[in-house]
Amino acid sequence: MSTQDASIVPSLYVKREGESTTKAELRLTSARERFVVRFTGGCGFMSKADAQGLYDLFKESFEGFAGALLFGGTRMLEKQDTSIVVPGITEIPPVIWKDNPESSILGIIPKSQDLRISQLGMVIHDEEGATYTTIVHPDQAQCLVVQQSADEGVDWEAEFKECLRIINDLRSFAQWESLLVSYNGGGVTEKEILATASRGWPVLLINGSGRISEQYANDKAFLKKYPLVHVAEKSVDSIRGALLKIGALKARDVKSVPYLQIVGEETP
Amino acid sequence: MTRTPYTVTAPEGQVKLVIMNATDGLPAAFALMGTRAERKVALRLAGGCKGMDADDKASMIASFEEAFAGFRGLVWSGGTRAVKDGEIDIMVTDVPGVIAAGNPGSVALGTTPRTDMLRLQGESRLVIDEWGQMLNPDMSGILVVQNGPDGDMDWDGDLDAYFKLMENWQKFGAFKALGLIAWNGGGVTRTEIIRAAKKKWPVILVKGSGRATDKIIDGLEAEDTALIEELGTDAQIYIVTDPGEMRNVLMDTGFLSE
């Protein structure tokens with residue numbers, strides 16, 4: 001069954017921090033597999049070198065995925081030429097979702113400023129001096145905007161806190177499994193990695209992706225302390241092998257089982 | 001451990017309780033519990049057991065067990081249990097737990113309006129009224145609907161919440177089939193039958209179960225035009241007389257698969 005309908009623009013839900021989100025969470029459960037993958041990591045501060053090959057890497061790695069996807073829900077556009085999309089982690093889940101019709105998707109957007117409707121779409125963030133404008137990503141089934149109130153916004157950390165809450169709901173009440181995939185990223189990504197690992201939930205760090213994900217991927221003490229934190233190299237085979245091992249991909253859904261290349265483990 | 005009417009037999013050894021105000025949005029936690037079912041189909045059991053003796057009640061349980069063999073969906077009802085002389089006083093609300101216990105992949109849930117103050121009795125037992133009616137310990141989760149922290153509700157106070165949950169499961173959670181089975185019951189059961197029929201859900205009426213259910217069957221068999229209008233002329237009503245017939249309807253309407 002497909003969870004996609006090309007004729008429908010994303011449903012937009014607006015909620016206060018702490019409020020229940022029944023419709024959005026139920027829509028996630030329309031995925032065939034009871035597995036949610038949350039993507040976190042670099043956006044505006046990711047270097048061009050770290051972003052190289054990003055889309056194809058994950059598009060191929062997630063071929064056959066039939067679970068739910070949680071992500072930041074935004075797209076960054078160059079101000080000088082708004083036809084140019086700035087590469088970032090939030091571009092990945094929509095690509096995976098479009099390729100895998102039995103998956104489901106939800107974008108989480110913290111309201112940091114007043115929302116504005118423009119020719120580019122719904123503008124989430126536009127800062128003077130910044131080289132890009134952030135809009136609601138058009139390629140998603142549904143999007144959840146988190147705010148304090150109609151007047152007050154929230155900080156960017158609200159995104160991962162809301163994701164933790166939804167993942168906890170899915171794990172606790174619907175018997176789902178979860179995985180945080182972290183590529184590149186900075187201070188907020190670090191907080192999310194630590195918050196997820198300390199809950200005992202699985203994490204997959206991409207080694208070679210740069211910045212904070214790479215730093216933790218090479219932190220032996222950290223990896224020893226949290227055995228459910230896995231590391232994959234920045235290659236399709238390595239990521240795919242990790243996804244199969246963790247259960248985000250099912251062997252029956254993939255054409256060939258790649259050679260496992262998970263760092264720190266014996267290969268078969 | 002000796003099993004008593006108070007023993008929790010729900011999976012995981014616990015019944016998750018969610019309390020909502022009737023005017024609030026539906027709680028995601030409870031809605032998600034329904035999605036645990038292996039097959040995305042939901043059947044609500046409505047009714048009561050007034051006028052039935054112990055043998056009739058035991059026979060009712062056996063009938064549902066037979067009809068539901070192999071069921072892997074969500075089955076739910078009111079969320080209470082009655083106890084008489086230290087034994088379970090069987091009600092329709094005991095059926096979902098029995099079905100779920102016998103059919104892996106199936107999930108039993110319940111809803112109940114808070115009609116009185118919740119209280120602890122005896123060995124800190126949670127009861128929902130001064131007569132000691134309790135929440136059903138066979139169910140994975142129970143949604144208690146209240147009229148604010150101080151207000152009480154009538155026994156139909158959970159209907160809006162449960163009908164909305166069913167619709168949300170279908171509209172947003174990819175549930176393939178929703179339906180209602182009525183057994184015996186009074187005024188609230190009659191309302192549930194009418195509401196479900198108007199939504200064009202399959203409604204299975206068990207003939208011979210008594211009271212409101214039989215009264216509607218009598219009306220339909222007498223071609224009572226006012227009743228037929230009330231149910232909706234295109235309602236999907238099935239009248240069954242035994243577990244075999246119920247099973248056939250469950251198969252035909254997609255709730256059971258071979």
Side-chain angles (χ1 to χ4, degrees), chain A residues 1-5 8 10-36 66-68 70 97 100-106 108 140-144 146 161-178, chain B residues 10-12 14-42 72-74 76 100 104-109 111 139-143 145 160-178 254:
Chain A
M1 185 204 71
S2 172
T3 62
Q4 303 173 8
D5 182 343
I8 296 176
S11 301
L12 193 67
Y13 300 104
V14 181
K15 60 156 277 179
R16 277 184 288 118
E17 276 183 309
E19 222 174 18
S20 194
T21 50
T22 305
K23 289 180 184 175
E25 290 180 46
L26 277 178
R27 284 177 73 166
L28 283 176
T29 69
S30 64
R32 195 190 71 212
E33 298 293 340
R34 294 166 196 254
F35 202 107
V36 59
L70 276 178
W97 176 60
N100 296 283
E102 291 184 301
S103 65
S104 62
I105 191 166
L106 171 65
I108 309 288
Q140 54 185 320
Q142 51 172 348
C143 178
L144 184 64
V146 184
K161 288 175 183 168
E162 183 64 23
C163 287
L164 288 174
R165 192 192 63 73
I166 290 173
I167 291 167
N168 185 58
D169 274 1
L170 290 169
R171 291 178 65 99
S172 302
F173 303 117
Q175 293 177 320
W176 277 49
E177 293 176 85
S178 68
Chain B
E12 301 172 20
Q14 57 181 322
V15 181
K16 291 194 167 91
L17 302 181
V18 179
I19 300 178
M20 67 172 278
N21 288 325
T23 52
D24 287 349
L26 297 170
F30 191 81
L32 289 173
M33 287 183 210
T35 69
R36 288 182 175 198
E38 196 175 306
R39 287 194 70 226
K40 290 195 168 182
V41 296
R72 291 180 287 131
L74 165 64
W76 69 325
S106 171
V107 170
L109 297 177
T111 62
M139 293 173 166
S140 294
I142 295 174
L143 178 65
V145 184
D160 283 349
Y162 98 59
F163 273 94
K164 270 191 221 160
L165 272 164
M166 302 267 284
E167 287 169 329
N168 275 319
W169 280 324
Q170 185 172 53
K171 194 169 178 187
F172 304 108
F175 273 56
K176 298 281 185 289
L178 308 176

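What you see is a predicted model; the values in this text were computed from it and never measured. Residue numbering restarts at 1 for every chain, and letters A, B, ... go by the order of the sequence lines.
Here CE of Met33(B) is found 11.5 Å from CG of Leu74(B). Values are rounded to the nearest 0.5 Å. One finds the CZ atom of Arg27(A) at 9.0 Å from the CG atom of Leu106(A) (value rounded to the nearest 0.5 Å). In this structure, CH2 in Trp97(A) is found 8.0 Å from CD in Gln140(A), a value given to the nearest 0.5 Å. Taking CG of Leu109(B) as the reference point, atom CZ of Phe30(B) lies at 4.5 Å (rounded to 0.5 Å).
In this structure, the side chain of Ser30(A) does not engage the main chain of Gly173(B) through any donor-acceptor pair within 3.5 Å. In this structure, the side chain of Arg72(B) does not engage the main chain of Ala37(B) through any donor-acceptor pair within 3.5 Å.
Most heavy-atom pairs under 4.5 Å with chain A, from the set Phe175(B), Trp169(B), Phe172(B): that is Phe172(B).
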Can I get a per-line list of side-chain donor-acceptor pairs under 3.5 Å for residues 19-26 of chain B, giving both atom names and the distance, sequence neighbours left out?
unit_1   : atom_1 : unit_2    : atom_2 : d
Asn21(B) : OD1    : Gln146(B) : NE2    : 3.0
Asn21(B) : OD1    : Gly148(B) : N      : 3.3

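Near-neighbour residues of residues 16-24 of chain A relative to chain B, defined by a heavy atom under 4.5 Å from a heavy atom of that chain, comprise Ser20(A), Thr21(A), Thr22(A), Lys23(A).
Contacts between Leu28(A) and chain B at a heavy-atom distance below 4.5 Å are absent for every atom of the residue. Only the side chain of Lys40(B) comes within less than 4.5 Å of a heavy atom in chain A; its backbone stays farther off. In this structure, chain A has no heavy atom under 4.5 Å from any part of Glu167(B).
Using a 4.0 Å cut-off between charged nitrogen and carboxylate oxygen, Glu12(B) and Arg36(B) count as a salt-bridge pair.
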